[in-house]
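Numbering of residues begins at 1 and proceeds along the displayed sequence. This structure is a prediction, so every number in the text was calculated from the model and none was measured.
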Amino acid sequence: MLLIQIHYLNLGIERFEVLLVVPVYMGFWIIFTALAGLLTYREYDGFDVVEAILFPLGVLITLCGVYLMSLRPSAYTALPQNESESSSMVYDEQTKSETVPAADSESSQLLPGKKGGPEEPAKKDD
């Protein structure tokens, strides 16, 4: 059973972002183990009114949280369906090293001495 779970978890990570797959996996893991414990140990027999309301409410809150996390925008793309498409998606190390980070307010200033960065002040020989 564990090998099947790991297999499908790896398939999910291959196709989607880790920040989506792992929380969804863990959320459902928590819900199903809580429900399994509830049924296996017949804990519902000892529930009073408050517990009978709060347990399903907790499960519902967990499901809503997982759903809301799945709505956030992601940067993944669909995997290629055939061999010809996959060859166009392979990147070599040279291409990776030539990528430039996105400019934002904190990283818009490049380090001194780097191409395109602020010039270093000229040193005076006194």
Subject >> Value rounded to 0.5 Å, distance of CD1 in I4 from CG in L9 >> reply: 13.5 Å

Subject >> Beyond-backbone contact of S70 with L20, side-chain heavy atoms, under 4.5 angstrom >> reply: yes

Among the clusters formed by ILVMFWY side chains lying less than 4.5 Å apart, do [X] and [Y] turn up in the same one?
| X | Y | result |
| --- | --- | --- |
| M69 | V24 | no |
| V66 | I61 | no |
| F16 | L19 | no |

If you look at every heavy atom in [X] and [Y], which pair is closest and at what distance?
| X | Y | value |
| --- | --- | --- |
| P56 | E51 | CD-O, 4.1 Å |
| L38 | Y44 | O-CD2, 3.4 Å |
| G12 | V21 | O-CG2, 3.3 Å |

Subject >> Neighbour count >12 (heavy atoms, 6.0 Å) for atom OH, Y8 >> reply: no

Subject >> side chain to side chain contact (heavy atoms under 4.5 Å, CB included) between L63 and Y67, intermediate numbers included >> reply: CA-CA 6 Å; L63 286 173; Y67 175 72; over 6 Å; no

Considering only distance and modelled atom types, tabulate donor-acceptor pairs under 3.5 Å from the side chains of residues 28-37, sequence neighbours left out.
residue	atom	partner	partner atom	Å
T33	OG1	W29	O	2.9
T33	OG1	I30	O	3.1

**OP:** Under the salt bridge (charged side-chain N to carboxylate O under 4.0 Å, His left out) rule, collect the residues that match up with D48, sequence neighbours excluded.
**Re:** none

Subject >> With sequence neighbours excluded, residues passing side chain to side chain donor-acceptor pair (under 3.5 Å) with Y25 >> reply: Q5

